[in-house]
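Quick note: numbers below take in every heavy atom, side chains included, and nothing from hydrogens, waters or symmetry partners. What you are looking at is a predicted structure, and each value in this text was computed from that prediction instead of being measured.
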There are 2 protein chains.
Amino acid sequence: MTNLFLMTRSEENYIKTIFHLGGSDSVPVATNAIAEQMETKPSSVTDMAKKLADKGLVHYKKYQGVSLTEIGIKTALSIIRKHRLWEVFLVKKLDFTWDEVHEVAEQLEHIKSEKLIDKIDELLDFPKYDPHGDPIPSKDGKFMVRDKELLSDLEVKAGGVCVGVKDTSAPFLKFLDKNGIALGKTIEVLEKEDFDQSLHIKIDQSELHISHQIASNLYVKKNN
Amino acid sequence: MTNLFLMTRSEENYIKTIFHLGGSDSVPVATNAIAEQMETKPSSVTDMAKKLADKGLVHYKKYQGVSLTEIGIKTALSIIRKHRLWEVFLVKKLDFTWDEVHEVAEQLEHIKSEKLIDKIDELLDFPKYDPHGDPIPSKDGKFMVRDKELLSDLEVKAGGVCVGVKDTSAPFLKFLDKNGIALGKTIEVLEKEDFDQSLHIKIDQSELHISHQIASNLYVKKNN
DNA sequence: ACAAATTTTTAGATTTGCCTAAATTTATTT
DNA sequence: AAATAAATTTAGGCAAATCTAAAAATTTGT
Ligand SMILES: [Mn+2]
Ligand SMILES: [Mn+2]
Ligand SMILES: [Mn+2]
Ligand SMILES: [Mn+2]
């Protein structure tokens, strides 16, 4: 049980990536998938897989992919908790916009201080979701899985509240801002174009036409 | 003019140490002094001195010691600004005690985001001093040099306000807490023991006997 | 001034994290 | 069931940051 506090930044980033690609299940993740996600080379992933396996954070057998151990999952959740809490902090306390927070949170998530992150959590009044609608794991690694669906999967006439984004890239988020789409807004599907799957929607008071591209990156919590 | 944003953590720590040992003057600092301060070996310092000289951050000639260039000084002040602002943040916003902040600030000072630190500055209402009484450089590298003297240098009957500590180690700070000594308190020298230089002082309402060790690590701003 | 002590640098290793190129294993086609 | 393609690992190397041991320069003491 190698101490989590002496993990390097690189190791933490690998663990986080493996979690995001494989979920908390012990689904093995392919070397190439990790390499692509981390913008590194497969051979580097293999090296790290061995090291993380030695440390007991992942299961690894040659050619069989990588999956997180119990400890690996806990570690991943702890890093993700920090990342998302910092994102909330930046938005709520420092007036960052939701398209600016990710880059800084990528750095802040590696700060080693349990007290620090717990105090940030308290300062923010224990938020459950980050600025992109993603759930924040609690100290003991639990988090809410909100039932939500992609706007593109709703039927005509169906509606709900916008609760998250799938694509969290700055360009997409800025596009949403420009079109008055934000978390918490009420959305209703007015019309669906069969040809290109584009949608005519009502968002709060106004109406808007959006492409399938957009609709398939917006999460909605359906009305009862 | 090598971009400050691509400095490694190690480079930043060297620059900060050279600043603390040499001041903002271009006083050359000895290799051994840097090594001792950073708990590393002189040969490592020599290596880094060459690298920093290549980057234009220090002046370095073999056997002549290291001193900061203009850019080096600016860089040092920027890191110190971040360190001290984070320390204030931790105390004022997250209820850390002044003996807990340094270690975390050592990590936070390396976060790369100009917007982040400027927003923290604003959130704290542009503090001029950190929790240990050390001045916080402004964005453009200026800082107040408060006139202060060591309590051990005061005459009997002289007095003032406690404005800083020289030793910022956790044990010393905890000792001060235990004895009711804190920044902002009024101090008067009641008696001085010639034999061991210990002092009898009045601090706010109470009286206290302190050793020379303690008195020579407390800064006081004398009354007019 | 010159020998001795001290400081500093150089030379050569080590570890971490990454790379390229080549070899190997696994998966997919014919 | 081969043959081909794709994925993965191995081998060997490189840069950063560190170390130890030895050499060189500087400083100190007589
Ligand atoms: Mn993010
Ligand atoms: Mn997020
Ligand atoms: Mn400090
Ligand atoms: Mn301080």
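Separating the CG atom of A/Leu6 from the P atom of C/dT15 is a distance of 17 Å, rounded to the nearest angstrom. Rounded to whole Å, the distance from NZ on A/Lys41 to C1' on D/dT10 is 17 Å. If you take CG of A/Asp47 and C1' of D/dA11, they are 11 Å apart, rounded to a whole angstrom. For the pair B/Glu11 CD and D/dA15 P, the computed distance is 16 Å after rounding to whole Å. Nucleotide D/dT27 holds its P atom 13 Å from the CG atom of B/Asn32, rounded to whole Å. Note: OH (A/Tyr60) to P (D/dT8) measures 10 Å, nearest angstrom. To the nearest angstrom, P of D/dC19 lies 10 Å from CE of B/Met38. B/Leu52 places its CG atom 12 Å from the P atom of D/dA16, with the value rounded to the nearest Å.
Among C/dT8, D/dT9, D/dC19, the nucleotide with an atom closest to any side-chain atom of B/Thr31 is C/dT8. Proximity note for A/Met48 (side chain, C-beta onward) versus C/dT26, C/dC19, C/dC18: the nearest is C/dC18. Comparing C/dC18, D/dT20, D/dT9 by their closest approach to the side chain of A/Tyr63 singles out D/dT9. Of the candidates C/dC18, C/dT8, D/dT18, the closest approach to any side-chain atom of B/Thr46 belongs to C/dT8. The side chain of A/Pro42 has D/dT9 as its nearest neighbour among D/dT9, C/dT20, C/dT8. For B/Ala30, whose side chain is taken as the heavy atoms from C-beta onward, the closest listed nucleotide among C/dC19, C/dT26, C/dT8 is C/dT8. Ranking C/dC19, D/dT18, D/dT8 by closeness to the A/Ser43 side chain, first place goes to C/dC19.
Using a 4.0 Å heavy-atom cutoff across all strands shown, A/Ser44 reaches at least one base atom of the nucleic acid.
The closest side-chain donor-acceptor pair between B/His132 and B/Glu87 falls under 3.5 angstrom.
Distance alone, capped at 3.5 Å, is enough to place a donor-acceptor pair between the B/Glu11 side chain and the B/Thr8 backbone. Between the B/Ser216 side chain and the B/His212 main chain, a donor and an acceptor come within less than 3.5 Å of each other. Within the 3.5 Å criterion, the main-chain N or O of A/Val104 finds no donor-acceptor partner in the side chain of A/Gln107.
Judged by closest nucleotide on DNA chain C, B/Lys50 is the one of B/Lys50 and A/Lys62 placed further toward the 5' end.
In summary, A/Glu155 and A/Lys192 do not engage in a salt bridge, as defined by a charged side-chain N under 4.0 Å from a carboxylate O.
The shortest distance between the side-chain N/O atoms of B/Thr40 and the OP1/OP2 oxygens of D/dC19 is below 4.0 Å.
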